[in-house]
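The structure appears below as structure tokens.
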Amino acid sequence: MSFADEVYKVLKDVPMGKVTTYKALGEKLGTKAYRAVGQALKNNPYAPEAPCHRVVRSDGSIGGFMGKIEGTEIERKIAILESEGVTVVGGRIVDFNKILFEG
DNA sequence: AGAGCACTGATCC
DNA sequence: GGATCAGTGCTCT
């Protein structure tokens with residue numbers, strides 16, 4: 001088990017239509033290195049199992065996969081979120097606090 | 001070994 | 001209320 005594996009394990013526990021934050025994942029893993037969580041997510045070896053698009057920043061913004069890398073596979077993940085019932089506007093989650101899953 | 005990163009909370013203006 | 005600093009753990013050079 002690697003650090004990344006634990007991240008995905010927690011991530012898979014997030015129900016559809018909900019989102020979680022890097023912080024929540026880090027806390028569950030018992031670490032404070034939230035950046036390391038992001039590192040693991042961008043690696044994303046468990047692509048369909050690890051819904052990295054379902055992970056957002058603590059303030060509800062989508063995260064680094066927008067604005068500078070738009071036009072990549074990332075934007076499709078945003079569409080997936082909306083498909084799951086999560087609304088994203090201007091790179092920000094709508095009703096973020098209501099769909100936030102903290103386990 | 002050193003810099004960087006898909007972050008966050010706390011300071012500093 | 002925005003910009004900057006420090007902390008954190010892992011990956012790449």
Side-chain angles (χ1 to χ4, degrees):
Chain A
M1 284 295 279
S2 313
F3 177 84
D5 288 325
E6 299 187 55
V7 174
Y8 304 126
K9 185 163 60 180
V10 176
L11 185 54
K12 282 190 290 192
D13 197 48
V14 178
M16 189 194 74
K18 293 226 169 187
V19 295
T20 190
T21 67
Y22 297 94
K23 179 180 177 182
L25 293 174
E27 293 276 293
K28 288 171 125 32
L29 299 179
T31 185
K32 285 180 286 190
Y34 314 117
R35 299 176 73 171
V37 177
Q39 288 288 135
L41 289 181
K42 82 172 189 169
N43 185 17
N44 200 22
Y46 293 82
E49 303 270 325
C52 50
H53 58 265
R54 204 175 288 164
V55 185
V56 297
R57 284 181 67 167
S58 141
D59 97 301
S61 55
I62 291 300
F65 32 79
M66 227 188 191
K68 36 195 169 180
I69 38 186
E70 55 182 280
T72 61
E73 180 184 351
I74 302 300
E75 65 178 15
R76 170 144 24 108
K77 298 182 178 181
I78 307 299
I80 296 173
L81 275 176
E82 300 200 303
S83 184
E84 293 180 349
V86 180
T87 309
V88 180
V89 177
R92 260 293 230 116
I93 302 281
V94 178
D95 291 332
F96 167 65
N97 291 279
K98 297 183 183 187
I99 61 177
L100 175 59
F101 178 81
E102 301 179 85

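Below, read A as the first sequence line, B as the second, and so on, with proteins coming before strands; counting in each chain starts at 1.
Leu41(A) has its CG atom 11 Å from the P atom of dT8(B), to the nearest Å. Summarising the geometry, the separation between OH on Tyr22(A) and P on dT8(B) is reported as 8 Å, rounded to the nearest angstrom. We find that CD of Glu27(A) is positioned 13 Å from P of dT8(C), with the value rounded to whole Å. Rounded to whole Å, atom P of dG4(B) lies 13 Å from atom NZ of Lys42(A). Atom-to-atom, CG of Leu25(A) to P of dC5(B) comes out at 21 Å; the value is rounded to the nearest Å. Atom CZ of Arg57(A) and atom C1' of dC5(B) are 12 Å apart (whole Å). Remark: P of dA6(B) and OH of Tyr8(A) are 13 Å apart, rounded to the nearest angstrom.
Members clustered with Val94(A): Val89(A), by chain and number, using a 4.5 Å side-chain heavy-atom cutoff among hydrophobic residues. Cluster partners of Met16(A) are absent, since no Ile, Leu, Val, Met, Phe, Trp or Tyr has side-chain heavy atoms less than 4.5 Å from it.
Between Leu11(A) and Leu41(A) the shortest side-chain heavy-atom distance falls below 4.5 Å. Here the side chains of Ile93(A) and Ile62(A) are in contact, with some heavy-atom distance below 4.5 Å.
Judged as a side-chain hydrogen bond (donor to acceptor under 3.5 Å, both in side chains), and not counting sequence neighbours, the contacts of Glu84(A) are Arg54(A). Not counting sequence neighbours, the partners of Lys12(A) by the side chain to side chain contact (heavy atoms under 4.5 Å, CB included) test are Glu49(A). The side chain to side chain contact (heavy atoms under 4.5 Å, CB included) search around Lys23(A) returns Thr21(A), Glu27(A), Tyr34(A), not counting sequence neighbours. Take Thr31(A) and apply the side chain to side chain contact (heavy atoms under 4.5 Å, CB included) test, not counting sequence neighbours, and it matches Phe3(A), Leu29(A), Ala33(A). When the side-chain hydrogen bond (donor to acceptor under 3.5 Å, both in side chains) test is applied to Asp59(A), the partners found at least two apart in sequence or on another chain are Ser61(A).
How far CG of Leu25(A) is from OG1 of Thr20(A): 4.5 Å, rounded to the nearest 0.5 Å.
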(Q) Could you spell out the base pairing of DNA chain B as a dot-bracket line? Use Watson-Crick and G-U wobble contacts where both distances are under 3.5 Å, [ ] for crossing pairs, | for partners on a different strand. (A) |||||.|||||||
Where do N or O atoms of nucleotides 9-13 of chain C meet protein N or O atoms at under 3.5 Å, pair by pair?
from	atom 1	to	atom 2	distance (Å)
dG9(C)	N2	Ala36(A)	N	3.4

Below 3.5 Å is the cut-off: list the nitrogen or oxygen pairs between protein and nucleotides 9-13 of chain B, distance only.
from	atom 1	to	atom 2	distance (Å)
dG9(B)	OP1	Lys23(A)	NZ	2.8

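Panel note: side chain Asp5(A), backbone Ser2(A); a donor-acceptor pair is recorded below 3.5 Å.
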